[in-house]
Amino acid sequence: VQLQASGGGLVQAGGSLRLSCAVLGRTLSSDRMGWFRQAPGKEREFAAAIAWGGGRSLYAASVKARFTISKYSAKNTVFLQMNNLEPEDTAVYYCALGRSLSSASSDYPYWGQGTQVTVSS
């Protein structure tokens with residue numbers, strides 16, 4: 001199983017970005033996909049997750065009003081639409097694949113390589 005994340009970049013505060021994560025080597029059905037982020041000098045933290053079947057989602061309080069997680073089942077791809085970005089959102093963003101709709105990184109055994117998001121003030 002491989003996860004390929006893309007879509008990061010440099011954006012000004014208040015701007016938007018959409019991250020993508022394609023899952024290769026596995027057809028998703030009862031899986032859960034998550035997005036985590038890690039800022040310099042900080043621990044990795046949960047951002048959002050979605051259940052592949054049914055589409056139930058989970059968000060961290062810090063992003064709930066601004067980020068939207070979605071999926072495109074036909075392409076085995078999950079997206080993270082990030083709006084009204086803040087400098088505090090600057091981090092490497094990782095997608096992850098697991099079996100639980102969870103905010104715990106330990107529940108996701110498969111991880112992508114990460115994509116850098118930088119928000120300037």
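As a basis for the values below, the full set of heavy atoms in this structure was taken, side chains included, without hydrogen atoms, waters or symmetry mates. Starting from 1, each residue takes its place in the sequence as its number.
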Assigning hydrophobic clusters by single linkage (Ile, Leu, Val, Met, Phe, Trp, Tyr; side-chain heavy-atom cutoff under 4.5 Å), is W35 placed with Y59? yes
Set out, in order, the CA-CA distance, both residues' side-chain angles and the distance that settles side chain to side chain contact (heavy atoms under 4.5 Å, CB included) for L80 and M82, then state yes or no. CA-CA 6 Å; L80 187 67; M82 306 184 295; 3.9 Å; yes
Validation: residues 2-21 side-chain donor-acceptor distances under 3.5 Å, sequence neighbours left out:
| residue | atom | partner | partner atom | Å |
| --- | --- | --- | --- | --- |
| S16 | OG | N83 | OD1 | 3.0 |

Could you see if I50 belongs to whatever hydrophobic cluster contains V63? Use Ile, Leu, Val, Met, Phe, Trp, Tyr and a side-chain cutoff under 4.5 Å. yes
Backbone of A104 reached by a side-chain donor or acceptor of S106 within 3.5 Å: no
Does one hydrophobic cluster hold both L85 and F46, with members joined at side-chain heavy-atom distances below 4.5 Å? no
In terms of hydrophobic clustering (I, L, V, M, F, W, Y; side-chain heavy atoms under 4.5 Å; direct or indirect links), are V78 and V117 co-clustered? yes
Polar side-chain atom of T118 near backbone of T90 as donor-acceptor pair, under 3.5 Å: no
Scanning both residues in full, the closest heavy-atom pair of S103 with F36 reads O-CE2, 3.5 Å
List the atom pairs, with distances to 0.1 Å, where a side-chain N or O of residues 93-101 and a protein N or O form a donor-acceptor pair under 3.5 Å, not counting sequence neighbours.
| residue | atom | partner | partner atom | Å |
| --- | --- | --- | --- | --- |
| Y93 | OH | R37 | NH1 | 3.0 |
| Y93 | OH | D89 | O | 2.7 |
| R99 | NH1 | S30 | OG | 2.5 |

Side chain to side chain contact (heavy atoms under 4.5 Å, CB included) between L28 and V23: does it pass, once the steps are laid out? CA-CA 8 Å; L28 303 180; V23 179; 3.9 Å; yes
Greater than 12 external heavy atoms within 6.0 Å of R26's CZ: yes
For R44, give me all partners under side-chain hydrogen bond (donor to acceptor under 3.5 Å, both in side chains), at least two apart in sequence or on another chain. none
Between OG of S57 and CZ of R32, what distance do you get to the nearest 0.5 Å? 12.0 Å
Which pair of non-hydrogen atoms, one from V92 and one from G114, has the smallest distance, and what is that distance? CG1-CA, 3.8 Å
Side-chain (K71) to main-chain (W52) donor-acceptor, under 3.5 angstrom: yes
Kindly say whether S29 contributes a backbone atom to a donor-acceptor pair with the side chain of D31 at under 3.5 angstrom? yes
